[in-house]
Amino acid sequence: MSVSALSLERPGWWRTAGLSAIIFTALLPAVPLVAEFVKTGGRLDALQGFIPILAKSLALNLAGGTVALVIGICLGLMHSFYSFSGAKIIRMLFLTPLCMPPLLLAQGIRYFEIKFLTGPAGMVYVTAIVTLPLVMLATITASSLLSSGQCLAARLAGGERCLLRYAARFVFPSALTTALMGTCIMLSCPGPAMALGVKVAISEILISFSALYDLNLAASQCLLMSGAALLTLLTALAISGKQPLQNLSVSTGSNHPRYHPQMSRLAFISSLAVLVLQLGVPATGLIVPAISVPDVAEIMNVISRTGANSLVYATGTASAATLSGTAAAFFMNKSARHRYFGTVSMLLIFSLPATLTALGYSAAGTISPPWTDFIFRSRAAVCLSQGLRLFPIPALLVLRALNSVPSSWAWAAEMQGISLGRYIAKIIIPVISGPVMAGFLVTALFSQADISTLLLLHPPGSQNLPLAILTIMANAPRALIAQLDLIYMALAIVLLMVIGHFRRGMNT
Amino acid sequence: MKPSVRGFELKDIGICYSRKQIFKNLSVTISSDRNWAILGRSGSGKSTLLRILAGLEAPSQGTVLLNGKPVSKDARILVPPSKRQIAMVFQDLALWPNLTARENVMLGMRGDNSEKIALKTLETCGIAGLASKYPSQMSGGEQQRLALARALAARPDYLFLDEPFNGLDLEIKDSIIKSIKKLADDHNISTILVSHDPFEVLSLCTHAVVLEDGNIMEHGKIKTIMKEPKSGVMNMFKNYVDRLRITL
């Protein structure tokens with residue numbers, strides 16, 4: 001069969017092969033770890049002490065996820081159904097913690113100097129504020145699937161209360177899956193535990209690798225933590241059914257919030273209140289110590305030392321993720337079965353601890369010949385490791401855009417004898433360019449937030465800004481740390497604004 | 001030797017989706033000197049049949065001949081759609097939203113005078129003034145005319161219309177059908193319309209193929225079929241026309 005615009009509409013073995021290749025490549029770094037684990041029988045004796053710590057970490061993160069689930073559903077529904085002034089800006093600010101290393105938020109909370117928030121409660125707090133935007137996004141996206149007729153029917157049946165109750169039940173599966181996904185992601189985030197002084201599973205893994213130089217033990221611990229994350233997410237998917245996955249991969253409608261005197265006011269006030277807790281507390285915690293004469297020379301020294309590396313890691317990771325994600329979206333696009341299995345696989349890959357792939361790279365590096373160092377012991381290793389974990393973000397954004405393209409566009413092109421190249425260049429690229437750019441920028445931001453991969457894989461002397469902050473955290477003056485954190489926070493907000501310009505094809 | 005027919009011949013066509021048989025051993029001739037309607041209930045395979053004729057889908061079995069030459073055979077497309085002298089107006093019109101009206105018409109054209117032909121076709125369809133507008137800036141009727149212009153710019157022998165008038169009010173529908181009829185007569189184009197609206201069918205077509213349960217139930221001149229209809233669809237058409245006569 002000839003290659004034409006219709007090829008994009010046809011099923012084929014190449015879709016299964018392409019999608020499998022990308023998923024296999026993303027999971028490939030875990031293979032040396034599994035091999036090591038099997039070879040040594042899993043070091044079950046050494047894991048005895050790790051299991052209670054993992055259980056504690058999971059419990060703390062689940063508590064944070066639950067708080068985010070409850071608040072996220074309420075706020076998400078408010079933003080879906082009621083309009084109020086400043087809603088767009090508030091929504092964008094809600095997203096900020098998602099694009100920042102949780103370490104910086106934890107530092108803000110620590111500097112806020114409420115004793116209660118420096119221990120495990122602080123961990124719950126950080127998990128909640130990072131997971132909240134994910135739950136909100138899932139709620140807003142899921143509620144956009146409700147037609148205006150359905151909303152009107154609920155309003156006629158029992159007013160706003162009935163609408164909110166009905167909508168909450170409808171969005172719950174999506175919100176639950178997202179909350180548990182956030183929980184899994186935070187499980188492998190070492191920053192908050194280090195800043196708040198809590199012993200958690202990820203810090204134990206890093207100690208095993210970096211302090212005890214026991215890759216075998218770190219691998220066993222990491223695999224156990226990955227198993228816990230997988231079990232958590234699979235439980236969520238089993239409870240929620242197919243709906244959250246369908247919401248993620250199909251192009252949804254848009255919400256039409258309307259003004260309601262009481263509810264709009266309530267939405268505004270509750271949004272502000274949550275925003276104060278979510279962003280205000282850590283930001284204030286950073287601003288207070290930052291108000292002093294800044295050591296400009298030292299700030300410039302840290303930024304100049306890490307700026308180029310940060311840019312290399314961000315663009316490298318985003319390029320790898322966007323290329324593989326866009327390809328995955330094309331492979332998944334035209335078959336419900338591919339979409340389903342692709343989305344499940346990508347959710348699982350995204351929720352796996354970042355340390356899994358990073359340790360896998362390290363393990364592969366130790367058994368590979370020296371000429372492979374440019375892959376396993378370089379900045380490229382960081383970019384590849386992060387890119388292959390973060391590719392689900394651009395993949396889902398592009399998939400949603402591709403789903404909005406009806407088959408008849410390719411049919412019309414075929415009738416007119418338009419070649420595949422011309423069809424892609426003139427019709428498909430304009431449709432996906434917005435989501436591709438948004439995916440690129442989001443993964444660039446997320447790559448900076450993932451400190452554990454950097455910790456394990458960065459070549460000597462090539463830290464990025466968040467890792468530099470983590471390294472000097474213990475000895476540098478608090479003002480310097482706070483000032484650097486605030487600079488990063490400002491950069492994240494600016495980048496979020498830029499991402500807002502590339503929202504074409506995405507509904508939230 | 002039997003002379004070849006000008007038009008389409010379908011021989012023992014079969015098609016199935018996910019193990020569900022849509023047609024089995026379907027054979028029919030659609031000559032090029034008539035305006036045809038493909039009729040049938042929802043899900044009877046009307047649009048599938050049109051796509052098989054267009055070459056957008058290959059039949060699982062059987063042969064499609066165009067002017068006596070095989071163009072699709074046993075799950076293979078032998079002649080691609082763009083080489084069959086066919087143009088098509090789709091149910092959702094399939095206009096590309098990021099291109100202007102002129103660009104929508106020109107995208108598939110080659111040659112130096114393609115812009116001239118595109119503008120001329122837009123003029124013929126009565127939307128010359130909208131050449132630089134995007135589809136989203138046009139009304140439903142104007143979008144319909146743009147889809148028609150895009151189809152006619154290819155100078156086809158056959159114009160396929162896949163329920164393109166859905167959602168239009170009677171006045172606009174009537175005006176577009178008149179335009180299609182005039183353009184088809186002027187340029188010697190045969191039309192094949194998929195529809196379940198008696199108004200559209202009786203206004204535009206002289207002959208019909210009626211699909212029922214995966215088979216051709218009736219086939220031929222509409223006037224003749226309506227005298228003694230065998231299929232449910234044609235019975236309803238007859239009742240509609242009778243009721244209209246009585247009412248008027």
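Chain naming here is simple, since letters A, B, ... match the order of the sequence lines and numbering starts at 1 in each. All figures in this text were calculated on a predicted structure; none of them were measured in a lab. For the numbers below, each heavy atom of this structure counts, side chains included, while hydrogens, waters and symmetry mates do not.
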Answer yes or no: does atom [atom1] of [X] have more than 12 heavy-atom neighbours from other residues, nucleotides or ligands under 6.0 Å?
X      : atom1 : answer
A:K334 : NZ    : yes
A:I89  : CD1   : no
A:Y259 : OH    : yes
A:F341 : CZ    : no
B:N188 : CG    : no

Given side chains that start at C-beta, do those of [X] and [Y] come closer than 4.5 Å, heavy atoms only?
X      : Y      : value
B:P97  : A:W409 : yes
B:L56  : A:M415 : yes
A:K426 : B:W96  : no

Donor-acceptor pair, distance only, cut-off 3.5 Å: does the side chain of A:R422 make one with the backbone of B:L107? yes
Contact summary for B:G108 and A:I418, nearest pair of heavy atoms: CA-CG1, 3.6 Å
For B:A94 against A:A412, the heavy-atom pair lying closest together: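 Smallest heavy-atom distance, with atoms named: CB-CB, 4.1 Å.
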Measure [X] against the heavy atoms of chain A and call it side chain, backbone, both or neither at under 4.5 Å.
X      : answer
B:R150 : both
B:A154 : neither
B:L93  : neither

One should read off an interatomic distance between A:Q416 CD and B:I86 CD1, to the nearest 0.5 angstrom, of 13.5 Å
Just verifying a value: how many Å separate A:L6 CG and B:I77 CD1, rounded to the nearest 0.5 Å?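 With rounding to 0.5 Å, CG (A:L6) is 7.0 Å from CD1 (B:I77).
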Less than 4.5 Å to any heavy atom of chain B: does that hold for the side chain of A:A410, its backbone, both, or neither?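 For A:A410, neither part sits under 4.5 Å from chain B.
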Set of residues satisfying salt bridge (Lys or Arg N to Asp or Glu O under 4.0 Å) with respect to B:D33, sequence neighbours excluded: none
